[in-house]
2 protein chains.
Amino acid sequence: MTRDTRQRMVAGAARMIGTGGIDAMSLRDLAEQEGVPLGSTYHHFPGGKAELVDEAVRYVGAYVTRIIEQAPETGPRGVLQVFSDTWRATLAQSDYRSGCAVLAAATSTDPRHHEVAREVFEAWQQVLAGSLADAGVPPARAPRLARTVVAAVEGAIGLSRAAGTADPLDEVIEELAELLDSAAPTR
Amino acid sequence: MTRDTRQRMVAGAARMIGTGGIDAMSLRDLAEQEGVPLGSTYHHFPGGKAELVDEAVRYVGAYVTRIIEQAPETGPRGVLQVFSDTWRATLAQSDYRSGCAVLAAATSTDPRHHEVAREVFEAWQQVLAGSLADAGVPPARAPRLARTVVAAVEGAIGLSRAAGTADPLDEVIEELAELLDSAAPTR
DNA sequence: GTCTATACGAAGATAGAC
DNA sequence: GTCTATCTTCGTATAGAC
């Protein structure tokens, strides 16, 4: 019960943050949306909004990490596809209004949230680098390449939100695939 | 006089938006920072905050466009360097707290600001594509590659803000340079 | 035309009834 | 332990004195 409510609030917060940023996530709106009294927010999250935000960002981080880890081995292009498809779905399901809550945390004025964003970005980078190395990318280059994939996809999500279409994301993925191909010559 | 005040407000808004997003830009703070009475805001910007935001985003857009246009001809790597150096300076000058106001507009809940962000991103893409084509990139591929550069740099700015260092941006630029080199074989 | 003072709503947070 | 009612602060916006 209580546990479910908590989780629903975290997931709802993640979506609201991904849509409009941390400042646009109102505890009032969230409580109403999830059918929870406003006062209960501070029972579930004694640290208030900041605690909820951090948890929501970590929730998104873990969700995407799991998707990458569970992806089948289909070469560098496959890794890239799995990662970008996750965000393509988020974009499409929200009519290109929602994006990534981790980037929102990274662009917050509160440095506390920067730290959480950094951790998530690094986790994604590491798991992506591992997958790329498994798929034939030289181990020395994989981390740098993984970071580039994360950055380019995050930026492409922003461009797609501005455009209202998946075209920017699609084109960026095309070019990233070229880059990955040239980096994994043994395939 | 009045003209200078207006321009200062636009530039100040651009910085505040780049630092914390549109919601974090308060008209009160801006007026105080620029030494302007709060009420005067609505004399200079009858459309209120929305008008000021749009103008600030366009201001950033024009600023960066001009820098790219005025860059000397030094091949694809040079074009990339000029674009990324602009943002490296913004990051360093703000101790990695400020980023790009255009991305902030793209991630706003208000669709009106998406339109402005789209225009600026497209303008950058076009001028970058032109520079890349001049530098030896096949004209058919230049627009797609330019879009990738914009997206990757925007994302890298976010990663660098989260990390508190320029490392992510530097590494992404390295990989983008590889990609550009492979796309401009005649050099 | 410029600026002071204020209206009005919404934000985060908390006190205290049940 | 849950939830209602409320406190305080800060947001945009405006009315009206000068």
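All chains are named by letter (A, B, ...) in the order of the sequence lines, taking the proteins before the strands, and each is independently numbered beginning at 1. What you see is a predicted model; the values in this text were computed from it and never measured.
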Looking at A/Y42, I'd like to know whether one of its side-chain N or O atoms comes within less than 4.0 Å of OP1 or OP2 on C/dA13. yes
Report the distance from atom CG of A/D29 to atom C1' of C/dG9, rounded to the nearest whole Å. 13 Å
From the list D/dG11, C/dC3, D/dT12, which nucleotide is the closest neighbour of the side chain of B/L27? D/dT12
Atom CD of B/E51 with >12 non-hydrogen neighbours under 6.0 angstrom: yes
Please confirm whether the shortest side-chain N or O distance from B/H43 to OP1 or OP2 of C/dG1 is below 4.0 Å. no
For A/E171, run the salt bridge (Lys or Arg N to Asp or Glu O under 4.0 Å) check against B/R144, B/R147, B/R141 and tell me which one passes. B/R147
D/dA13 P sits how many Å from B/L30 CG, rounded? 13 Å
Side chain of A/S26 only, heavy atoms from C-beta on: which candidate in D/dT12, D/dT2, C/dG12 is closest? C/dG12
Write out a two-atom table: protein N or O, nucleotide N or O from nucleotides 15-17 of chain C, distance below 3.5 Å.
none

B/E115, CD: over 12 other non-hydrogen atoms inside 6.0 angstrom: yes
For the pair B/E154 and B/C100, evaluate side-chain contact (heavy atoms from CB on, under 4.5 Å) and give the outcome as yes or no after the intermediate values. CA-CA 7 Å; B/E154 287 287 346; B/C100 175; 3.1 Å; yes
Whole angstrom value for the distance that separates C1' of C/dG12 from CG of B/D23: 15 Å
Give the rounded distance in Å between these two atoms: CE of A/M16 and P of C/dA10. 14 Å
Check the distance between C/dG12's P and A/M25's CE and give it to me in whole angstrom. 7 Å
What nucleotide, of C/dC3, D/dT12, C/dG12, holds the atom closest to the side chain of A/K49? C/dG12
Whole-Å distance separating the NE2 atom of B/H44 from the C1' atom of C/dG1: 10 Å
Whole angstroms only, please: what is the CD-P distance between A/E32 and C/dA10? 11 Å
Quick one, A/L179 with B/E175, criterion side-chain contact (heavy atoms from CB on, under 4.5 Å). Give me CA distance, side-chain angles, the key distance, then yes/no. CA-CA 8 Å; A/L179 182 62; B/E175 291 294 339; 4.1 Å; yes
Check step by step if side-chain contact (heavy atoms from CB on, under 4.5 Å) holds for A/R118 and A/E122. CA-CA 6 Å; A/R118 187 187 64 77; A/E122 279 192 6; 3.2 Å; yes
Please lay out, stage by stage, how A/D110 and A/R112 fare under the test salt bridge (charged side-chain N to carboxylate O under 4.0 Å, His left out). CA-CA 5 Å; A/D110 190 340; A/R112 164 166 181 184; over 6 Å; no
Measure from CZ on B/R28 to C1' on D/dT14 and round the result to the nearest Å. 12 Å
Would you indicate, yes or no, if D/dC3 has its OP1 or OP2 atom less than 4.0 angstrom from a side-chain nitrogen or oxygen of A/S40? yes
